[in-house]
Protein chains: 2
Amino acid sequence: MTAAQRPTLEEVARQAGVSRATVSRVVNGSTTVAEPIQEAVRRAVAELGYVPNLAARSLVTQRTDSVALVLPEAATRVFSDDQVFPGLIRGAAQELEAADKQLVLMLAGSPAGHDRVTRYTTGRHVDGVLFASLHGEDPLPGRLARLGIPVVCSGRPLDAADVPYIDVDHIGGVARATRYLIDNGRRRIATIAGPQDMVAGIERLAGYRDTVVAAGLPQMIEYGDFTRESGTIAMRRLLAAYPDLDAVFAASDLMAHAALRALHEAGRRVPEDVAVIGFDDIETAAYTEPPLTTVRQPIVELGRKMTRLLLALADGAEVERAVVLPTELVIRQSA
Amino acid sequence: MTAAQRPTLEEVARQAGVSRATVSRVVNGSTTVAEPIQEAVRRAVAELGYVPNLAARSLVTQRTDSVALVLPEAATRVFSDDQVFPGLIRGAAQELEAADKQLVLMLAGSPAGHDRVTRYTTGRHVDGVLFASLHGEDPLPGRLARLGIPVVCSGRPLDAADVPYIDVDHIGGVARATRYLIDNGRRRIATIAGPQDMVAGIERLAGYRDTVVAAGLPQMIEYGDFTRESGTIAMRRLLAAYPDLDAVFAASDLMAHAALRALHEAGRRVPEDVAVIGFDDIETAAYTEPPLTTVRQPIVELGRKMTRLLLALADGAEVERAVVLPTELVIRQSA
DNA sequence: TTGTACGCGTTATCAA
DNA sequence: TTGATAACGCGTACAA
């Protein structure tokens, strides 16, 4: 059970009676090796159980064939039953699969975690880095870009770093949702906003604000952090502060779900007394009571696009610096 | 924006007017360097923006300070709103955080993905590998173990590989749940079982079987794959096949949730007409209608324990080959 | 088509 | 305390 001394190219070469270079060629699929020799090498590889040392390989090739997806969040948040991160991951995984590259997922919730990720990525352990869910003005994307490491962010970076990014049309989507509420006769429209250190939080609030202000309606705002817990608290506060509200736009489906329950507890009927609209269109949205009307963002597509951009960047191609994907209002029964 | 030639130890050494070895010592926090020299080196590092090349380092140290968590599942599955994988990941992340090691998450849903993970892990890109959710007789854990790479599985590996594993008491938990149903007067108890190529699926079914058989009750079984979709289908089939059933044990909370809805659609009241019990105790379980009675498994703790075991293994310690964590029946309103 | 020889950027050993 | 120097395991011009 002790670590069997692992064989190197050298030993395989000796066993096969050829040179290191030839073994290397066979292992890497070069066609310029005579068939019988290939055969001998392959047998030696199998007999010795040879596996290339990736560190040594990437030291000389300067590539690792892997790409990091960095989520500057605690695992708790990333894997709430929010489907946003998962969707992103799926999209990235699909594209990387096609490119035969390894996806390396890194969470960086704590400062120490952030440091570790910094070391790992700046240390050239990966060929490129995808960022999602950036908080505040994280300097890491800009820093990596300056180090010449390909980087793509989801969401416009809040520090003004010149890093390519992809985002969805938060403002347009929320404006459409809010207008829909207004068109349906709602006049006291509240919002449970997202965290204001993230682009998604900021812009979704802006979409709400712009629309109610333009319609001459009052602003009624409470803040959450996209989680259910925060949604519950915010909804209760809204009910206390504005007992006559007749609609709520929540900046995430999880918060909308919590709002649904809080409203139910408070004896309000949805959508009769209060209309509710969420944002994301996570899987659970179709299962809430009543099913949730929400703004769908093409999250998987976002993950795919980010990844394609990154791969292009890594290939030295010129790429668009900013891409914005459309959102869509999905009407169910809560509004 | 072109990849600035990244500085090496050599260049830092030249800039600081010392040798490579000294720079290496400072970078790695050796105390045997005179203070003024340390200062000079640090300045040179900062000026040049030096970052150690991890490939070169691990080539000589034989360590990478990172650990892989392999999930042989498609991203779709891993990140359903099932909280099981996330919990595992959180547990692992916590422990690795404490050990200052990097968690590298790898999904391996497709055969190609599995190959990639094989290459990555056997290539010594990580210091150890955690496996979760193994399907069938995956040979990879055993293979890694034979290569001398520390490995720990969650759930007993189905091939008889001598790999340390941690699992939860599926059988005991399900038996308790089933007995609870019997004690409450249920006599026509059905089950939505999990996939039979996974330990969790097999053992949860065994727990149900043993208990109903021991009580002289009939077995009523449909199979799902832990997802909601499969739960919906299975529940409908059960209703068609056994219209008089009065209880259902579902092998996952997602399937239980789907069953709740399917029963509702079929006009059955829960728990009056049909009692429902799930397995997992995911966050959503407290939010279903009615809130779900379920078997809680200490999933975060499982992730932590796995990781501690792995780290001990990597330190060359002797470890237990099998650990089983207890499960607990959480009674809410669905049964 | 095959082999020789060098270099990738570190760490570690050993002298000084 | 510091500095040469030898690995670490591999890929690849270049030569044969």
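Note that the structure is a prediction, hence the values are computed from the model and not measured. Protein chains get the first letters and strands the later ones, always in sequence-line order, with residue 1 at the start of each.
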Just wondering, do B:C153 and B:L134 contact through their side chains at under 4.5 Å, heavy atoms?
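In short, these two side chains touch, coming nearer than 4.5 Å.
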Starting from [atom2] on [N], measure out to [atom1] on [X] and report it in whole angstrom.
X: A:R57; N: C:dG9; atom1: CZ; atom2: C1'; value: 18 Å
X: A:H125; N: C:dC8; atom1: NE2; atom2: P; value: 20 Å
X: A:E10; N: D:dA7; atom1: CD; atom2: P; value: 13 Å
X: B:L59; N: D:dC8; atom1: CG; atom2: P; value: 9 Å
X: B:D65; N: C:dT10; atom1: CG; atom2: C1'; value: 14 Å

Given DNA chain C, 5'-ward residue of the pair A:T32 and A:A21, judged by closest heavy atom
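Nearest nucleotide further toward 5': that of A:T32.
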OP1, OP2 of [N] versus side-chain N and O of [X]: anything below 4.0 Å?
X: B:T22; N: D:dG3; result: yes
X: B:S24; N: C:dT11; result: yes
X: B:S19; N: D:dG3; result: yes
X: A:N53; N: D:dC8; result: no

Suppose we call a contact any N or O donor and acceptor under 3.5 Å apart; does that hold for the side chain of A:R124 and the base of C:dG9?
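Not at all, since no donor on one side and acceptor on the other fall under 3.5 Å apart.
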Surrounding CD of B:E35 (heavy atoms of other residues, nucleotides or ligands, distance under 6.0 Å), is the total greater than 12?
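Yes, because the 6.0 Å sphere around CD of B:E35 holds more than 12 heavy atoms from other groups.
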Just wondering, are more than 12 heavy atoms of other shown residues or ligands nearer than 6.0 Å to CZ in B:R143?
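At most 12 heavy atoms, drawn from other residues, nucleotides or ligands, come within 6.0 Å of this atom.
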Output the single nucleotide from [options] whose closest atom is nearest the side chain of [X].
X: B:L9; options: C:dG9, C:dT10, D:dG3; answer: C:dT10
X: B:R25; options: D:dG11, C:dC14, D:dG9; answer: C:dC14
X: A:R20; options: C:dG3, C:dA5, D:dT5; answer: C:dA5
X: A:A34; options: C:dT2, D:dG3, C:dT10; answer: C:dT2
X: A:Q62; options: D:dG3, C:dG9, C:dT11; answer: C:dG9

Using a heavy-atom cut-off of 4.0 Å across all strands, would you classify A:V41 as base, sugar-phosphate, or nothing?
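Here A:V41 touches no strand at all.
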Mind checking if B:L54 touches a base, just sugar-phosphate, or nothing, with heavy atoms under 4.0 Å?
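The residue B:L54 makes no contact with any strand.
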Salt bridge check: are B:R57 and B:D65 linked by an N-O gap of less than 4.0 Å?
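Salt bridge between B:R57 and B:D65, a charged N being under 4.0 Å from a carboxylate O: no.
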How do A:V60 and B:A56 order along DNA chain D: which one's closest nucleotide is nearer the 5' end?
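By nearest-heavy-atom nucleotide position, the 5'-most residue is B:A56.
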Taking for each residue the nucleotide of DNA chain D bearing the nearest heavy atom, is the 5' side occupied by B:V33 or by A:Y50?
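On the 5' side of the pair lies B:V33.
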Are side-chain N/O atoms of B:Q38 and B:R42 paired as donor and acceptor at under 3.5 Å?
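Indeed, the side chains of B:Q38 and B:R42 share at least one donor-acceptor pair under 3.5 Å.
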